[in-house]
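Shown next, in structure tokens, is the structure this report addresses.
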Amino acid sequence: MKRKVTKAIFPVAGLGTRFLPATKSVPKEIMTLVDRPLIQYAIDEARAAGIEDFIFVTSRGKSALEDYFDLAPDLEAALESSGKTDLLRLLRTTNMESGAIAYLRQHKPLGLGHAVSCAAKLIGDEPFAVILPDDVIAADTPCLQQMVEAYAETGGAMVAAMQVTPEKTSSYGVLDIASEDGPIVRVKGMVEKPAPGTAPSNLAVIGRYILTPRVLQNFEKITKGAGGEIQLTDAIAHELTEGRDVFGYQFSGERYDCGSKAGFLQATVAFALGRDELRDELAAYLRQLDLPAT
Ligand code: UTP
């Protein structure tokens, strides 16, 4: 099977309950870090990695996402006639080519694995990426690009991996490691949200994957997993049962869990401090905060 990865699935059908009431009408992926929606960071990362086909698995109430990627001819005309060429250029970086983007619905929120399986017919017979826009990763070389390069050598199935503290393992998929070679770990088992104290390691799965269509066939062989949901981790772990390779890739970069409020706020501060026009004012504000010790 070829190892060039040109398709990516963006599962964005979750309910986003941790951000209610905002997510009652605003998809989580449209919420902004400084001035760019979470989904824009994910798209930029995918493009940098060579992705050409973008498949969104959405649900009711997510039409703002489709609008975001549509052309905005009136807005472009207004910016053009008022000479705001910098903003016009910025706006155009968000346009997607017709035919490059597909939307399909997951009718019920049955889990991340189920959302990914909904896109099976659009994948065909080639490896594909899965990107969770909640996980925003700041890196010199974008995370998915690091993985695509490693995948060209390894093949198999590959998941992004990161060390977490032992208390946090029960919130993640966790890898059981057979061997380690630099950033690449060979995986011998995977468990989704292990009970506290039972995780096989502290290496957690983060929301970037490179998978083969065979993983999609595994959904027929697995049952509901942690939280009563159809888990992507379980479908990937099934590859091991069938004697195929699974790798973890310990990416370089800073990951923010923007699916949680604390992670979203940390990312907001970090990305704002990274912007020339905001850094001084925000840093001065943060310095003068007299935070009580906890
Ligand atoms: P989360 O576990 O963060 O769930 O999903 P959520 O619904 O988005 O948010 P909370 O926990 O209620 O606040 C991780 C990723 O999987 C997608 C989500 O959209 C998110 O990108 N997902 C999850 C689906 O597409 N479908 C599902 O049924 C579940």
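Just follow the structure's listing: the first ligand is 1, and inside any ligand the first atom is 1. Count residues from 1 along the sequence. No experiment lies behind these values; they were computed from the predicted model shown.
Every N/O-N/O distance between G259 and ligand 1 stays at or above 3.5 Å. Taking only nitrogen or oxygen atoms, main chain and side chain alike, P133 does not reach within less than 3.5 Å of ligand 1. Of the polar atoms of G16, at least one N or O is found under 3.5 Å from an N or O of ligand 1, judged by distance alone. Ligand 1 has an N or O atom lying under 3.5 Å from an N or O atom of T17, backbone or side chain. Looking at L15 next to ligand 1, an N or O pair under 3.5 Å apart turns up.
Residue-ligand proximity, A115 to ligand 1, at heavy-atom distances under 4.0 Å covers atoms 24 (C), 25 (O), 26 (N). For ligand 1, the atoms lying closer than 4.0 Å to a non-hydrogen atom of D134 are 3 (O), 20 (C). Every atom of ligand 1 is numbered from 1 in the order shown, and the set under 4.0 Å from a heavy atom of Q106 is 24 (C), 25 (O), 26 (N), 27 (C), 28 (O). Taking every non-hydrogen atom of P109 and a distance limit under 4.0 Å, the qualifying atoms of ligand 1 come out as 28 (O). Below 4.0 Å from some heavy atom of K28 lie the following atoms of ligand 1, by number and element: 3 (O), 6 (P), 8 (O), 9 (O).
In this structure, L110 has a heavy atom closer than 4.0 Å to ligand 1.
The protein heavy atom nearest to atom 16 (O) of ligand 1 is L112 CD1, 3.5 Å. Given atom 28 (O) of ligand 1, the protein heavy atom at minimum distance is G111 N, 2.8 Å. For atom 25 (O) of ligand 1, the closest non-hydrogen atom on the protein side is A13 N, 2.9 Å. Here the protein heavy atom with the shortest distance to atom 19 (O) of ligand 1 is G14 N, 2.9 Å. For atom 13 (O) of ligand 1, the nearest protein heavy atom (residue, atom name, distance) is R18 N, 2.8 Å.
Contact annotation: for H114 versus ligand 1, there are no heavy atoms closer than 4.0 Å. Residue-level proximity to ligand 1 for K108 is absent, since no heavy atom of it falls below 4.0 angstrom. Only backbone heavy atoms of V12 (N, CA, C or O) come within less than 4.0 Å of ligand 1; its side chain stays farther off. For P11, heavy-atom contacts with ligand 1 shorter than 4.0 Å involve the backbone as well as the side chain.
In this structure, the ring of F271 has its center less than 6.0 angstrom from the ring center of Y41.
For E277, the CD atom sits in a packed shell: over 12 heavy atoms of surrounding residues, nucleotides or ligands are nearer than 6.0 Å.
Within 4.0 Å of atom 5 (O) of ligand 1, not a single protein heavy atom is present.
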Just do the ring pair (Phe, Tyr, Trp, His ring centres under 6.0 Å) check on F264 and F19 with the steps written out, would you? CA-CA 10 Å; F264 192 92; F19 282 95; 5.7 Å; yes
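Atom OG1 in T169 sits 12.0 Å away from atom CG in L175 (nearest 0.5 Å). Remark: I30 CD1 to S63 OG distance equals 9.5 Å, nearest 0.5 Å. Remark: L33 CG to Q266 CD distance equals 11.5 Å, nearest 0.5 Å.
Between A150 and I184, the shortest heavy-atom contact is CB-CD1, 4.1 Å. Between Y172 and K168 the shortest heavy-atom distance is CD1-O, 3.2 Å. The two residues P11 and I131 come nearest to each other via the heavy atoms CD-O, 3.2 Å. V5 approaches P127 most closely through the heavy-atom pair CG1-O, 4.2 Å.
Take K221 and apply the salt bridge (Lys or Arg N to Asp or Glu O under 4.0 Å) test, not counting sequence neighbours, and it matches E242.
Residue pairs that meet the side chain to side chain donor-acceptor pair (under 3.5 Å) test with at least one member in residues 45-60, sequence neighbours left out, are E45-R208.
Exactly one residue among K193, E192, H238 makes a side-chain hydrogen bond (donor to acceptor under 3.5 Å, both in side chains) with T233. That residue is E192.
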